[in-house]
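Beneath this line is the structure, given in structure tokens, with notes to follow.
Computed from heavy atoms alone, side chains included, the values below leave out hydrogens, waters and symmetry copies. Order of listing sets the numbers, starting from 1, for every ligand and every atom in it.
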Amino acid sequence: MTKQDLIEIPKPLDQLTATEIERKSCIGKVMTYTLKSLTNTYVNKGFQWLLPVALSQSTDPLWPDPGASIEKRIEVDIYGKPVRTTASMIIHKLIAASTAYPKLFILSPNIRIEKAERAKTGRHLYEFTQLDFEAQGACSKDIFILVEEAIVTLIKDLKREMKSELTTLCRCDTLKVPKTPFKIYDRVELEAKYGKDWEAVITSEITDPVWVTNIPREFYDFEDFRTGKWDNYDLFLPQFGEVLSGAKREYEYTKILTKIERDQVKKENYSLILKMAKESRLKPTAGAGIGMERLVGWIAGVKHIAECQPFPRVPGNVNEL
Ligand code: ATP
Ligand code: ASP
Ligand code: MG
């Protein structure tokens with residue numbers, strides 16, 4: 001029997017027993033506390049809180065990404081123009097952070113129709129929320145410091161103020177305040193040591209969150225063409241895995257164009273960002289997105305992150321609500 005066979009698909013609200021409702025309610029309170037704590041941290045540090053959008057001509061290509069598994073992309077015509085549902089607000093962030101909102105964050109619903117075979121990874125949903133943020137002039141180190149502070153503050157305060165919920169969830173003793181600074185690993189070294197399965201190996205071996213840098217992926221993450229190194233990062237949580245992805249960003253026209261062409265991504269879907277870059281109006285920024293259901297899932301010790309959703313979005317499982 002594999003680990004995935006033991007994972008149950010979280011049920012919709014109307015099918016929960018009284019005990020399950022109590023657990024759901026505790027996880028809901030942890031989610032509320034987490035949202036309050038993180039949004040406070042960002043607002044207090046001068047980040048502006050933007051509202052999300054659901055339909056745009058341009059969204060995250062989610063390609064090339066070593067872990068991508070998208071079954072279907074949703075595209076509809078409105079007012080005679082094709083629009084896509086938001087996969088992530090990365091393109092919006094880059095334009096917004098380069099113009100009116102130099103430091104911003106958004107609680108952004110992301111729709112990614114993951115393959116139904118991902119139903120029992122416990123880590124994938126077809127609709128989820130990122131706390132997506134971006135800062136003009138920031139570098140990777142700035143983002144590491146910001147995220148580490150946000151997570152440590154959250155866990156410290158949670159352990160003090162949410163004792164009864166953490167006890168119900170059996171996380172009171174096992175949830176530890178992480179030590180900072182988090183360790184930083186280079187993906188090349190992890191691959192050399194552990195092979196292709198490096199993500200699974202570090203996830204099971206670490207006891208504190210760790211950063212992994214230098215991961216080849218979408219055109220908007222910064223790549224040094226001379227060394228081939230990527231200035232990007234993922235945050236991994238112990239026994240849980242990836243909770244955040246981010247990067248310093250590309251802002252130079254020729255590099256963005258070269259990478260879009262190299263990735264064979266449709267240029268016409270990215271004409272605004274290309275135009276802004278060409279006119280030198282795209283600024284150097286860095287940022288990241290935290291998967292809220294994954295972060296709260298780790299805190300609450302869930303088997304499936306859909307437990308953190310009032311209305312579960314499990315790949316392959318569509319409920320009435
Ligand atoms: P993975 O490789 O784990 O499937 P990803 O690298 O494809 O994830 P990103 O594009 O980096 O995901 O998305 C940013 C963050 O959003 C992730 O770090 C994760 O926390 C969250 N996330 C991504 N895909 C999902 C999903 N299908 N369900 C829930 N959360 C997700
Ligand atoms: N939010 C991620 C970032 O800021 C992008 C993604 O969702 O794929 O890099
Ligand atoms: Mg990622």
Based purely on interatomic distance, does [X] place a nitrogen or oxygen under 3.5 Å from a nitrogen or oxygen of ligand 2?
{"X": "Glu218", "result": "no"}
{"X": "Asn110", "result": "no"}
{"X": "Asp132", "result": "yes"}
{"X": "Glu134", "result": "no"}

Check whether Tyr251 forms a cation-pi arrangement with Lys283 (NZ or CZ under 6.0 Å from the six-membered ring centre, at most 45° off the ring normal).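 Not flagged: Lys283 not positioned over aromatic ring of Tyr251.
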
Whether Arg123 engages the ring of Phe240 as a cation-pi pair (distance to the six-membered ring centre under 6.0 angstrom, angle to the ring normal within 45°) should be assessed. yes

What atoms in ligand 2 come closer than 4.0 Å to a heavy atom of [X]?
{"X": "Gly246", "result": "9 (O)"}
{"X": "Asp60", "result": "5 (C), 6 (C), 7 (O), 8 (O)"}
{"X": "Gly289", "result": "1 (N), 4 (O)"}

Mind checking whether [X] and [Y] have ring centres under 6.0 Å apart?
{"X": "Trp211", "Y": "Tyr185", "result": "no"}
{"X": "Tyr42", "Y": "Phe133", "result": "yes"}
{"X": "Tyr270", "Y": "Phe219", "result": "yes"}

Set of residues that line ligand 1, where lining means a heavy atom lies under 4.0 Å from it: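 Near ligand 1, by chain and number: Asp65, Arg112, Glu114, Arg118, Arg123, His124, Leu125, Phe128, Gln130, Glu242, Val243, Leu244, Ser245, Gly291, Arg294, Ile305.
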
Quick one: does ligand 2 sit under 4.0 Å from the side chain of Arg112, the backbone, both or neither, non-hydrogen atoms only? side chain

Heavy-atom distances under 4.0 Å are what count here, so tell me which part of Lys93 touches ligand 2: side chain, backbone, both or neither.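 For Lys93, the contact with ligand 2 is made by the side chain alone.
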
At what distance is the nearest protein heavy atom to atom 2 (C) of ligand 2, and which residue and atom is it?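 Its nearest protein heavy-atom neighbour is Ser245 O, 3.6 Å.
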
Of all residues at least two apart in sequence or in a different chain, which pass the ring-ring contact (aromatic ring centres under 6.0 Å, His included) check with Trp198?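 Phe236.
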
Going by heavy atoms, is Tyr220 under 4.0 Å from ligand 2?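 A heavy atom of Tyr220 does come that close to ligand 2.
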
Under 3.5 Å side-chain donor-acceptor pair for Asn110 and Ser88: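 Note: Asn110 and Ser88 side chains miss the donor-acceptor criterion.
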
Do Asp60 and Tyr220 meet the criterion of a side-chain donor-acceptor pair at a distance under 3.5 Å? yes

Just go through Gln130, Arg249, Met89 and tell me whose heavy atom is the nearest to atom 4 (O) of ligand 2.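 Closest candidate by heavy-atom distance is Arg249.
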
Suppose we screen for salt bridge (charged side-chain N to carboxylate O under 4.0 Å, His left out). Which residues come up paired with Arg118, at least two apart in sequence or across chains? Glu114

Which protein atoms of type N, O or S are found under 2.8 Å from the Mg ion (ligand 3)?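 The answer, once waters are left aside, is Glu242 OE2, Ser245 OG.
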
